[in-house]
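Quick notes on the structure that follows.
Below, read A as the first sequence line, B as the second, and so on, with proteins coming before strands; counting in each chain starts at 1. It should be emphasised that the depicted structure is a prediction, and the values quoted were computed from it without experimental measurement.
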Amino acid sequence: MKSSTPSEPISKSWYLLFFAWVLATSGTLISLFFSEVVKLPVCVLCWYQRIAMYPLVLILPLALFPFDPKVVRYAGALVIFGWLTALFHVLLIAGFIPQNAQPCVAGIPCSETHLNIFGFLNMAMMSLLTFTAIGSLLLLSYFQSSRNHHE
Amino acid sequence: MNKKMLFLSVIIVLIFAFLTALAVFKGEETTAQAISPENQHALERKNAPIKGYKKAKVTIVEFFDPACGTCSQFYPLLNDLVKKYPGKVRVMMRYAPLHEGSGDVVKMLEAAHIQGQFWPAVELLFGNQNRWVEHHVSNPQHALAGLKTLELDHAKLEVDYQSAKVAKIIEQDIKDGQTLQIRATPEFFVNGKPLINFGYEQLVELVDEAVTEAYK
């Protein structure tokens with residue numbers, strides 16, 4: 001902590017980014033656990049969300065050492081893509097999007113849910129919440145560091 | 001705490017958590033293999049279509065949807081299994097119409113079953129899925145048109161598939177499927193043991209084990 005005293009806001013911004021990485025990594029491990037260990041089938045939409053989530057595990061640490069707030073631009077693109085896909089998936093499961101608009105592979109309809117916690121928390125919902133949290137942390141981290149620059 | 005230390009320790013914690021979850025799950029999986037005794041009744045239904053010797057000691061129960069591509073791929077493999085153990089293995093088919101529109105198609109299959117023609121009918125539907133399944137949605141009218149090419153009493157088939165008797169049978173299968181938590185097709189049970197790691201090799205292994213145990 002000795003280096004953090006002169007630049008407190010940078011440190012705060014760093015921790016926000018760090019938590020975004022913790023979330024992305026936990027999400028990655030949890031999704032791998034369900035597909036590779038529990039052997040739940042992975043539908044096409046889940047794959048698109050994975051494509052957006054997994055790279056964050058590697059990209060975010062590169063921006064932590066040394067700290068680079070510009071990472072929001074690169075990671076943000078992935079987060080927005082993942083967030084939109086997750087939203088589409090949630091709406092599909094909730095039935096707001098008609099069945100025939102649903103991509104499907106080898107008998108795994110994406111509207112089928114395999115996991116349900118507290119009655120509403122299925123995989124797609126968890127993914128949406130995670131992307132929302134990561135996106136918010138990235139933005140907060142970015143604003144925190146830019147405020148520091150202006151002051 | 002130093003930031004790099006924090007980063008490394010979080011990595012270690014996450015990996016440790018993952019490995020713990022893995023160990024816990026593997027432990028539970030082995031205990032949760034068989035169907036619980038109170039759900040055993042849901043596995044087989046009297047008069048469900050059966051292939052193979054009726055009194056065979058090994059029963060493969062398949063929950064299937066005629067519109068499901070994987071079910072159609074497994075169909076010849078199941079025939080091979082019945083042939084591999086003549087008189088020892090039988091296959092029982094249970095309806096799990098998970099695809100949209102499949103509800104009516106399985107009723108047609110059951111109506112064909114009443115005339116003793118379940119197997120030719122299911123073989124025809126599996127073989128021509130591209131003609132009556134579009135984007136994973138079944139078209140019952142196209143399926144019926146296909147069934148018309150079989151030698152059946154077609155007037156009786158049309159009456160039967162819309163009858164209350166057939167509807168009740170399908171309802172029973174769907175209810176049993178829910179009891180056994182069938183969420184995807186095909187789902188296999190060999191003498192009550194579910195196929196946990198899905199795959200043909202794994203199914204053959206499960207059947208091999210069951211045959212050795214039943215005929216030792």
Correct closest heavy-atom pair for A/Phe65 and B/Lys4 would be CE2-CG, 3.4 Å
Would you say that more than 12 heavy atoms from the other residues, nucleotides or ligands in this model lie under 6.0 Å from the NZ of B/Lys175, or not? no
| message | More than 12 heavy atoms of other residues, nucleotides or ligands under 6.0 Å from CD of B/Glu134: yes or no? | response | no
- [ ] Might you confirm whether atom CZ of B/Phe74 has over 12 heavy atoms from other residues, nucleotides or ligands at distances under 6.0 Å?
- [x] yes
For B/Leu6 and A/Trp14 the tightest heavy-atom approach is CD2-CZ3, 4.0 Å
- Message: Are there over 12 heavy-atom neighbours, none belonging to B/Trp132, within less than 6.0 Å of that residue's CH2?
- Response: yes
Within 6.0 angstrom of B/Asn47 CG, more than 12 heavy atoms from elsewhere = no
- Message: Is it the case that atom CD in B/Glu213 sees more than 12 heavy atoms from other parts of the structure closer than 6.0 Å?
- Response: no
For residues 18-30 of chain A against chain B, heavy atoms under 4.5 Å, the residues are A/Phe18, A/Trp21, A/Val22, A/Thr25, A/Ser26, A/Leu29
